[in-house]
Amino acid sequence: MDFLTLLVIYLCFVLAAVALLCACSGRKESFLARSVNGASQVLSFVIPAQLQSATRRVLHRLFHTRSCLFVVLHVALQAAVYGEYTWEVFVYCWELQFHLLLLLLPYLLLAGNMGCFILCSRADPGIITKSNHASLVKIYAYDSVLFQKGIVCPTCNMEKPARSKHCSFCSMCVHRFDHHCVWVNNCIGAFNAKYFFLYLFTLTAMAATVAIITAAFLVRVVLLSNMMRGSYIDDQGQERAVEILFLIQHLFLTFPRIVFMLGFVTLLALVLGAYCCFNLYLALTNQTSNEWYKSRRYGWSHHLTLQPHDRRAVYKNTYSKGVWMNLKEIFKPPTALERKKKT
């Protein structure tokens with residue numbers, strides 16, 4: 001096996017590791033993460049040490065420190081999609097007499113999304129400092145399973161309030177920590193969760209709207225050309241009726257950038273839609289991503305108790321107050337004064 005082949009295999013492995021780290025950033029090692037580490041140890045015998053060291057530095061820079069790289073990538077992808085939409089799809093749809101408000105809807109969503117993006121990336125997520133520690137520690141009670149009283153953060157040298165977590169990216173503890181989002185280059189916590197939720201919703205709506213308008217344009221082109229009733233000559237010289245596969249190939253050859261963009265935004269809308277639904281579920285049940293992930297290690301019960309056969313703690317979400325109150329907590333985080341009045 002030559003060096004070039006090894007390099008290609010190694011780069012493929014790195015890309016897989018990057019995808020895994022994107023999904024598992026800020027979490028403890030999962031089975032997949034351990035598998036990647038094991039595979040990296042095997043490849044370390046055949047990959048040059050300098051290349052290994054450079055890769056580790058790059059991955060550490062990307063996934064263990066705050067970086068604007070993903071913010072730049074985020075803006076570049078949006079610019080590419082909207083550039084193609086503006087210069088081709090919008091013009092063609094305008095000529096085909098699509099309604100103007102429909103064509104302007106992606107731009108309205110873009111304006112709202114950029115506003116939420118700026119607020120989410122610039123807002124204080126809930127950084128715990130010595131000045132606000134005393135008030136934040138009173139907001140949520142310790143559930144004695146996921147969050148134990150008396151645990152001190154070795155970096156911040158403060159007792160961790162319930163539902164908080166130390167972010168290794170930002171090197172600080174965050175109140176009601178959800179996760180660190182590399183796309184906004186900030187932690188998602190109690191005070192900017194509402195902006196992240198709106199950012200995610202508008203981003204999903206943007207991708208879906210652009211996909212729908214682009215698909216409607218291509219369907220209109222097919223209907224106007226009466227292509228579905230036509231025929232073509234195949235490689236064997238036989239005349240065949242137009243099929244879906246032939247139609248897709250024809251559209252791709254005629255509008256390559258538009259079809260490629262449609263595939264990209266459709267996939268993006270599906271992925272973001274699923275993630276948006278997951279975040280809605282977390283909001284309605286008053287959970288964070290961090291809590292949901294940690295709770296997978298425990299069983300579910302209606303009571304916090306110890307099982308007699310293995311003495312393992314059973315997790316119960318004690319922070320849920322009903323669907324409406326849970327959703328309200330996202331947009332208006334509780335304060336120590338409010339909690340004191342309720343008790």
Side-chain angles (χ1 to χ4, degrees), residues 16-40 59 63-64 125-126 128 139-151 153-154 160-170 173-184 186-190 192-193 196-197 200 204 270-323 325-327 329-330 333:
V18 166
L20 177 64
L21 288 170
C22 281
C24 303
S25 60
R27 302 173 178 175
K28 293 185 176 180
E29 279 193 341
S30 62
F31 171 76
L32 288 176
R34 291 194 298 270
S35 300
V36 170
N37 289 333
S40 64
L59 292 178
F63 299 104
H64 294 282
I128 301 173
I139 295 179
Y140 295 111
Y142 293 92
D143 63 6
S144 300
V145 180
L146 299 184
F147 305 103
Q148 312 259 348
K149 186 175 178 59
I151 302 297
C153 175
K160 290 184 177 181
R163 311 192 77 180
S164 69
K165 186 180 183 297
H166 183 84
C167 176
S168 58
F169 291 81
C170 304
C173 286
V174 177
H175 175 53
R176 198 182 182 275
F177 178 86
D178 191 278
H179 70 289
H180 182 93
C181 180
V182 295
W183 298 104
V184 300
N186 198 8
C187 287
I188 308 303
N192 67 346
F196 179 76
F197 187 81
L200 186 61
T204 305
L270 293 174
V271 173
L272 289 174
Y275 187 53
C276 197
C277 291
F278 174 67
N279 276 267
L280 179 61
Y281 161 75
L282 293 179
L284 295 178
T285 56
N286 205 331
Q287 297 183 82
T288 65
S289 298
N290 178 54
E291 292 164 2
W292 180 86
Y293 177 75
K294 291 171 68 175
S295 68
R296 300 305 95 189
R297 289 177 271 169
Y298 299 93
W300 288 83
S301 176
H302 294 289
H303 303 283
L304 284 173
T305 183
L306 293 177
Q307 300 296 331
H309 59 277
D310 58 4
R311 309 299 293 174
R312 285 185 59 195
V314 177
Y315 174 70
K316 166 75 164 61
N317 181 14
T318 60
Y319 303 113
S320 180
K321 308 179 186 68
V323 171
M325 293 302 296
N326 292 341
L327 192 59
E329 188 170 311
I330 296 294

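Starting from 1, each residue takes its place in the sequence as its number. Heavy-atom basis, side chains included; hydrogens, waters and symmetry copies ignored.
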Inset, instruction - Verify side-chain contact (heavy atoms from CB on, under 4.5 Å) between T288 and Y293, making sure each step is shown before the conclusion. - result: CA-CA 9 Å; T288 65; Y293 177 75; over 6 Å; no

Legend entry - Positive for side chain to side chain donor-acceptor pair (under 3.5 Å) with R163, one of D178, N286, D143: N286

Legend entry - N326 side chain vs K321 backbone, donor-acceptor pair below 3.5 Å: yes

Legend entry - Nearest-0.5 Å distance that lies between atom CH2 in W183 and atom CG in L200: 13.0 Å

Legend entry - C167 side chain near F177 side chain, heavy-atom distance below 4.5 Å: yes

Inset, instruction - Starting at OG of S320, measure out to CD of E329 and round the result to the nearest 0.5 Å. - result: 9.5 Å

Legend entry - Student check: side-chain heavy atoms of P161 and I128 closer than 4.5 Å: yes

Inset, instruction - Quick one: sort the F196 and Y275 rings into parallel, tilted or perpendicular, breaks at 30° and 60°. - result: perpendicular

Inset, instruction - For the pair N192 (side chain) and G189 (backbone), establish whether a donor and an acceptor sit closer than 3.5 Å, ignoring hydrogens and angles. - result: yes

Inset, instruction - To the nearest 0.5 angstrom, please state how far the CZ atom of F147 sits from the CG atom of N290. - result: 6.0 Å

Inset, instruction - Could you tell me which non-hydrogen atom of T204 sits nearest to which non-hydrogen atom of C276, and how far apart they are? - result: OG1-CB, 4.0 Å

Inset, instruction - Working to the nearest 0.5 Å, report the span between NE2 of H166 and OG of S164. - result: 11.0 Å

Legend entry - CG-NZ distance between L146 and K165, expressed to the nearest 0.5 angstrom: 12.5 Å

Legend entry - Worked verdict on F278 versus S289 for side-chain contact (heavy atoms from CB on, under 4.5 Å): CA-CA 9 Å; F278 174 67; S289 298; 4.2 Å; yes

Inset, instruction - Identify the two heavy atoms, one from A190 and one from P333, that lie closest to each other, and give their separation to 0.1 Å. - result: O-CG, 3.2 Å

Inset, instruction - Carefully, step by step, assess R176 and I330 under the rule side-chain contact (heavy atoms from CB on, under 4.5 Å). - result: CA-CA 10 Å; R176 198 182 182 275; I330 296 294; 3.9 Å; yes

Inset, instruction - Indicate the atoms forming the closest heavy-atom contact of Y142 with K160, along with that distance. - result: OH-O, 2.8 Å

Inset, instruction - Indicate yes or no: at least one non-hydrogen side-chain atom of Y319 is less than 4.5 angstrom from one of T285. - result: no

Inset, instruction - Flag the pair Y281 / W292 as yes when their ring centroid distance falls below 6.0 Å, and as no otherwise. - result: no

